[in-house]
Amino acid sequence: MNIEIKNIIESYLLETTSDENINPREISKEGYIEVQKTTNELHGDYYSNIAMKLSKVLKKNPVDIGEDIKKGLLGRKHPQIKNIEIKKPGFINFFIEDSKRASIVTDIIKNNNIFEKFKTKIKKNIHIEFVSANPTGPLHVGHGRGLIFGKTLSNMLRIQGHNVFTEYYVNNIGKQIDILSISVILSLIDLKRPFDDVDIYKGKYISTVANKLKLKYRDLLLIHKDSLSGNKVYESFLGSLKKDFNSYLVFRDTVIDIIINDYIKKDLEDLNVQFSNWFHESELIKDNFVYQILEKIKSKGLSYVKDGAVWFKSTKYGDDKDRVLVRANSALTYFATDIAYHSLKLDKYDHIINIWGSDHHGYVPRLTNALKGIGYDTDKMSIHLIQFANLYRDGEKMSMSTRSGEFITLKSLADEIGPDAINFFYINKKIEQHLDFEINTALSKDKDNPVYYIQYAHARIEKIIQKVSTDNLNFDDRELIDPKEQELLRLLNSYVQTIEQAMDTLQPQLITNYLYKLSQSFHSYYANVKIIGEEINYSRVSLVMAVQKILKNGLNLFDISAPEDM
RNA sequence: GGUCGCGUAGCUCAGCUGGAUAGAGCAUCUGGUUUCUAACCAGACGGUCAUAGGUUCGAAUCCUAUCGCGAUCACCA
């Protein structure tokens with residue numbers, strides 16, 4: 001509708017204006033004529049600021065310009081426009097015909113696939129990587145935000161019609177993984193002595209994993225217990241372990257498999273998250289792929305050798321210091337494999353999305369510059385940094401460190417508050433904002449808890465629908481004259497714009513805000529206006545049916561249930 | 001110190017591609033169920049949108065500086 005109005009204004013201006021200061025090409029430019037939904041019903045349904053924009057070029061009072069436009073447009077009889085008002089300092093407010101505004105109700109009820117409206121014209125192959133938590137333990141509440149955001153983004157992009165490929169990047173090599181393996185080994189041989197130079201993982205799951213491996217490895221490990229027990233330093237422990245224990249790598253992979261399958265994948269299943277693929281970092285090394293990329297970097301003159309290590313010249317791009325690609329002990333850094341991983345993705349997809357914790361912010365330019373340096377178009381890559389979420393219970397902040405083992409698993413939170421609440425609260429705030437998550441709010445069963453509030457609206461409507469026959473809905477917009485009905489119609493009319501904006505800017509919280517507002521408006525309506533009286537008012541039934549359908553679609557988008565009974 | 005994010009009501013936050021009187025929930029106070037689900041509704045109270053400049057018809061929104069909070073500055077990932 002706003003586009004219709006925009007076109008009406010545009011053609012009027014192009015036809016009538018003879019002022020040489022107005023450039024027709026300028027007027028037709030995308031975004032020059034703005035028509036937006038009003039936020040206040042006194043201002044009609046849509047408004048345009050074009051008069052104020054033109055006042056400068058025309059050197060004329062914007063209200064006068066507005067009056068001219070109003071006169072011109074009303075003289076041309078546009079059937080959908082009921083009235084136009086000019087308000088200071090120069091807004092042109094459009095009032096839409098009631099029947100036109102109310103037609104949204106039947107539009108929604110008849111529409112079998114509401115999301116069809118949001119299909120994109122340009123279909124892309126999109127790769128989206130999220131969670132990618134180190135497989136060193138179960139997912140904890142700190143991982144929840146990236147997880148839910150990633151899932152929701154994938155849902156939204158799929159609704160837009162893109163080919164979406166979701167991937168979990170498994171860091172299955174490196175120091176953290178060695179520490180994990182050693183933590184399990186220490187548990188296996190009951191050697192609970194900490195190292196001087198490194199903290200081991202201490203969570204309960206470590207002994208669970210160890211127990212699972214007991215039969216297979218215990219005897220073997222006991223043989224080496226004495227030779228290992230003399231070491232108090234992690235590096236030498238690992239060294240002798242790797243030398244003595246030639247199946248160390250097999251052991252390490254087994255530990256990771258157990259953690260992924262017994263913990264991480266189950267946690268994800270509970271939240272209805274499936275990945276198209278689990279990509280193991282080690283795959284990048286297998287066929288020397290990383291070394292090919294390193295060679296590429298070298299050939300561009302972007303790396304050099306110093307102190308036995310290979311360095312990337314990141315200072316060339318404004319970094320404080322150059323960064324290591326290959327360590328002096330010839331081990332690859334995460335940075336090196338990551339460049340390889342991203343080049344692989346950029347080769348294959350139209351667009352790649354990474355969802356990372358905000359603690360990676362300093363890393364973003366480094367990676368981007370390295371990729372740009374070897375010739376990739378990094379505009380095809382977008383990185384969403386997510387601020388941390390703090391969990392509170394009774395106003396008290398809860399800790400979440402994987403290493404110490406004193407963390408709350410995502411699973412235990414899901415068990416306590418349910419997946420609906422998890423799905424809602426993690427995306428209800430924009431990702432740049434720190435998130436304080438109070439468990440009591442998610443547990444409360446009243447207005448304090450927006451999830452219940454929205455679901456309750458849905459269930460209430462369901463009860464109404466069950467009481468009437470909806471086979472023959474006589475809808476007459478003239479019956480919807482109550483201000484609260486008009487408010488609901490306004491909201492229904494804005495759902496397309498809201499969801500479009502949320503999808504285009506990848507901001508799911510715009511939709512949850514909208515759903516809450518719609519529920520609020522419905523509850524108020526419900527309390528004040530009788531829908532089923534002596535006689536059934538089918539126009540009102542239709543109206544709330546449309547509301548319910550939008551609520552349900554919105555909730556489903558976030559994997560939140562829309563209960564029919566509460 | 002450099003970099004990134006954030007400072008909006010007592011609390012938790014919406015709003016930020018510049019628009020008209022800055023909005024919700026909680027808390028506090030006052031009302032409302034013989035009625036389609038009170039897990040609800042109606043009302044009151046509550047604001048120098050951190051501060052100071054700038055940009056312009058118009059700034060919570062954009063720019064600059066300052067202050068405050070958080071994150072980050074590894075041959076960890």
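Below, read A as the first sequence line, B as the second, and so on, with proteins coming before strands; counting in each chain starts at 1.
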Find the distance Glu432(A):CD to rU3(B):P and express it as a whole number of Å.
-> 20 Å
Check whether any side-chain heavy atom of Ile297(A) sits under 4.5 Å from a side-chain heavy atom of Val310(A), and report yes or no.
-> no
In B/S/- notation (B base, S sugar-phosphate only, - none; protein heavy atoms under 4.0 Å), nucleotides 70-77 of chain B written 5' to 3' is SBSSSBSB
Here the salt bridge (charged side-chain N to carboxylate O under 4.0 Å, His left out) pairs for residues 32-43 of chain A, sequence neighbours left out, are Glu34(A)-Lys53(A)
Note: for Lys530(A) and Gln497(A) on RNA chain B, the residue whose nearest nucleotide lies more 5' is Gln497(A)
Rounded to the nearest angstrom, tell me the gap between atom CD in Gln36(A) and atom C1' in rA20(B).
-> 13 Å
Residue pairs passing the salt bridge (charged side-chain N to carboxylate O under 4.0 Å, His left out) test where at least one lies in residues 311-325 of chain A, sequence neighbours excluded | Asp319(A)-Arg323(A), Asp319(A)-Arg366(A)
Map Tyr516(A) and Lys429(A) onto RNA chain B by nearest heavy atom, then report which one ends up closer to the 5' terminus.
-> Lys429(A)
For Gln387(A), which residues count as a side chain to side chain contact (heavy atoms under 4.5 Å, CB included) partner, sequence neighbours excluded?
-> Arg145(A), Ser358(A), His434(A)
Can you list every side chain to side chain donor-acceptor pair (under 3.5 Å) pair that touches residues 441-451 of chain A, not counting sequence neighbours?
-> none
Please name all residues satisfying ring pair (Phe, Tyr, Trp, His ring centres under 6.0 Å) with Phe91(A), sequence neighbours left out, ordered by chain then number.
-> Tyr47(A)
Quick one: list whatever passes side-chain hydrogen bond (donor to acceptor under 3.5 Å, both in side chains) with Ser282(A), sequence neighbours left out.
-> Asn172(A)
What pairs with Asp68(A) under side-chain hydrogen bond (donor to acceptor under 3.5 Å, both in side chains), at least two apart in sequence or on another chain?
-> Lys60(A)
Residues in residues 501-510 of chain A with a heavy atom under 4.0 Å of RNA chain B, by number, are Gln509(A), Leu510(A)
Distance in angstrom units between Asn537(A) CG and rU35(B) P, rounded = 21 Å
Results of salt bridge (Lys or Arg N to Asp or Glu O under 4.0 Å) for Glu432(A) - residues two or more places apart only | none
Would you please indicate if the ring centroids of His523(A) and Tyr453(A) are separated by under 6.0 Å?
-> yes
Reading nucleotides 37-44 of chain B 5' to 3', which nucleotides get B (base under 4.0 Å from a protein heavy atom), which S (sugar-phosphate only), which -?
-> BSBSSS--
Provide, to the nearest angstrom, the distance between the CG atom belonging to Leu435(A) and the C1' atom belonging to rC69(B).
-> 16 Å
Quick one: side chain to side chain donor-acceptor pair (under 3.5 Å) pairs with a partner in residues 325-337 of chain A, sequence neighbours left out?
-> Glu281(A)-Thr337(A)
Do Asn428(A) and rA14(B) have a side chain to base donor-acceptor pair shorter than 3.5 Å?
-> no
Would you kindly give the CG-to-C1' distance between Asn390(A) and rU12(B), to the nearest whole Å?
-> 13 Å
